[in-house]
Colleague: 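Next up is a structure, given as structure tokens.
All values derive from a computational prediction rather than experimental measurement. Naming: A, B, ... by sequence-line order, numbering from 1 per chain.
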Amino acid sequence: MCVEHEHKVAETYLDSGLPRVRVSCTVNGESVSRWIDPTMSLLHFLRHELNLLGTKEGCGEGECGACTIILGGKAVNSCLVLAQEAAGSRILTVEGLGQGGRLSVLQEEFIKEDALQCGFCTPGMLMSARALLDRNPEPEEEDIKEAIAGNLCRCTGYYPIIKAIRTASEREREASQR
Amino acid sequence: MDSEFVYLKPPSLSDLLKHLEPWGEQSKVLAGGTDLLVLLRRHSLSPAYVVDLKGIEELQRLEEVEGGDVFLGAGITVNEAAHSGLVQKRYKAVADAANTLASYQLRNRATVVGNICNASPGADLAGPLLVFDAKVQIVSARGKREVLLQDFFAGVKKTILRPQELVYGLILPAVAAGERSLYLKQARIKGHDLGIVGVAARLDSRKKFHLAMSSVAPTPVRLTRLETLLNDSPWSPELPEQAAEAVREEIRPISDVRASAAYRSHMAGVLVKRAIRYLMEEG
């Protein structure tokens, strides 16, 4: 994590004041366990408890997809999951895409294709794309559009994003055939 | 989230029902959470308990049961229904609607039964389930009951479900080979959007039409007058157009943020015409 993001998140999180509960799960391959507010969303668990700030909060109501993560192998809006519902699950966030300090193929292609400007939608886009390529390594353009229909982008435009996902799928297929 | 509630995840159906018996009024059942968590966040609801049904294995079934009927449990997600071979083959309109509901991520969490229990006038899955005469299985600590889906809706976002009760699942009655069905949805955009009008249509093996619509009345509705007209008329090339005119007489849509009543009425006719034409050509 870069230095300027190491501080505690400034955005407000309202604690319910109820007795804390223990939630344990596996995030990006690491076992984690925290005593948390029982009403906390999975999104806030990732951001406030684990300080994983890659996953973004946009609308908080499942409309924008900025908070998309992969929970138990499936893309979900983490704002609409309670942290307690994720107890015992395997979670992948944007921080877990790269390996050994190297960006993933998908991330590299997003950069190459100029598939991001402000970057706010990018982590969610990447996670929807990752889930798509995991279930369908050879997606058609329509499959890609369907997979990211729940991820709103307001500045880059969707075409570079679609292209990045397609070229990433080609590169991943080539790599797997080698 | 600043609503105060206790989260419970009972491991069995009897544990869940035992909780609802005294605490039903103060509890909300959590399935996918895609409607409930939004309401909690907006303070539209403030239950003392949120009771997760995902720990109950028997609710996670989607399978053929006796007589060729299909049982769809309360825990089955919209994507599980959309990807099910059983649903795609026998109840295509249901798979069509499942594939157009919200976004892929939401469909991974949202459940079919939750879409029905939320009882939005625009519930995508309601119309298709209505044309297949789906039945709703309801359980409580006191026993079971079963109602037709068309008798389940009581108004905008209202159902006949009592606070002590849980929808256990849906029964989709057996269909004969060679049946055709489809769901057509008009929305502002092709991607993640609520429907302006939704039409579900089915032609059964006796060549009888079954039609239902969403977003044109306080609840999803079966178009009984239109069905009678179609099933009493000889098939002709003019029939789809006649159906379009008839449906505009039968429904009374409202104007809202998504569309005017006039546009809804017009599109209802257009979609009904397309649906009937498709079924006549394919049938």
Colleague: Under a 4.5 Å cut-off applied to non-hydrogen side-chain atoms, are B:Tyr104 and A:Val76 in contact?
Modeller: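 A side-chain contact under 4.5 Å is absent here.
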Colleague: Which residues from residues 79-101 of chain B are near chain A, with near meaning under 4.5 Å between non-hydrogen atoms?
Modeller: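 If one takes a 4.5 Å heavy-atom cut-off, the residues of residues 79-101 of chain B near chain A are B:Glu80, B:Asn99.
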Colleague: Do you know which of A:Ala131, A:Gly17, A:Gly65, A:Gly62 has the most heavy-atom pairs under 4.5 Å to chain B?
Modeller: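 Option with the greatest count: A:Gly62.
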Colleague: Stepwise, does the side-chain hydrogen bond (donor to acceptor under 3.5 Å, both in side chains) test hold for B:Glu4 with A:Ser16?
Modeller: CA-CA 6 Å; B:Glu4 290 181 25; A:Ser16 71; over 6 Å; no
Colleague: Run the side chain to side chain contact (heavy atoms under 4.5 Å, CB included) test on A:Val81 and B:Arg109 for me, step by step, so that the C-alpha distance in whole Å, both residues' side-chain angles and the decisive distance to 0.1 Å come before the verdict.
Modeller: CA-CA 9 Å; A:Val81 180; B:Arg109 296 294 289 180; 3.7 Å; yes
Colleague: So which of A:Glu63, A:Lys145, A:Met127, A:Gln84 has the biggest tally of heavy-atom pairs under 4.5 Å with chain B?
Modeller: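 If we count pairs closer than 4.5 Å to chain B, A:Gln84 comes out on top.
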Colleague: Any chance you could measure A:Cys79, atom SG, to B:Arg41, atom CZ, to the nearest 0.5 Å?
Modeller: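 A:Cys79 SG to B:Arg41 CZ: 7.0 Å, rounded to 0.5 Å.
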Colleague: Calculate, to the nearest 0.5 Å, the distance between atoms CD and CG belonging to A:Glu61 and B:Leu106 respectively.
Modeller: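 Answer for the CD-CG pair, A:Glu61 versus B:Leu106, is 11.5 Å.
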Colleague: Does A:Thr39 reach the side chain of B:Leu40, with side-chain heavy atoms less than 4.5 Å apart?
Modeller: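 Contact flag for A:Thr39/B:Leu40 side chains = no.
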Colleague: Just checking heavy atoms, which of residues 146-162 of chain A are less than 4.5 Å from chain B?
Modeller: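 Residues of residues 146-162 of chain A touching chain B at under 4.5 Å: A:Glu146, A:Ala147, A:Ala149, A:Gly150, A:Asn151.
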Colleague: Please determine if B:Lys9 and A:Glu85 form a salt bridge, counting it only when a charged side-chain N lies under 4.0 Å from a carboxylate O.
Modeller: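 Result for this pair is no, no salt bridge flagged.
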Colleague: Decide yes or no on side chain to side chain contact (heavy atoms under 4.5 Å, CB included) for A:Leu71 and B:Asn108, but give the supporting numbers first.
Modeller: CA-CA 10 Å; A:Leu71 172 65; B:Asn108 272 337; over 6 Å; no
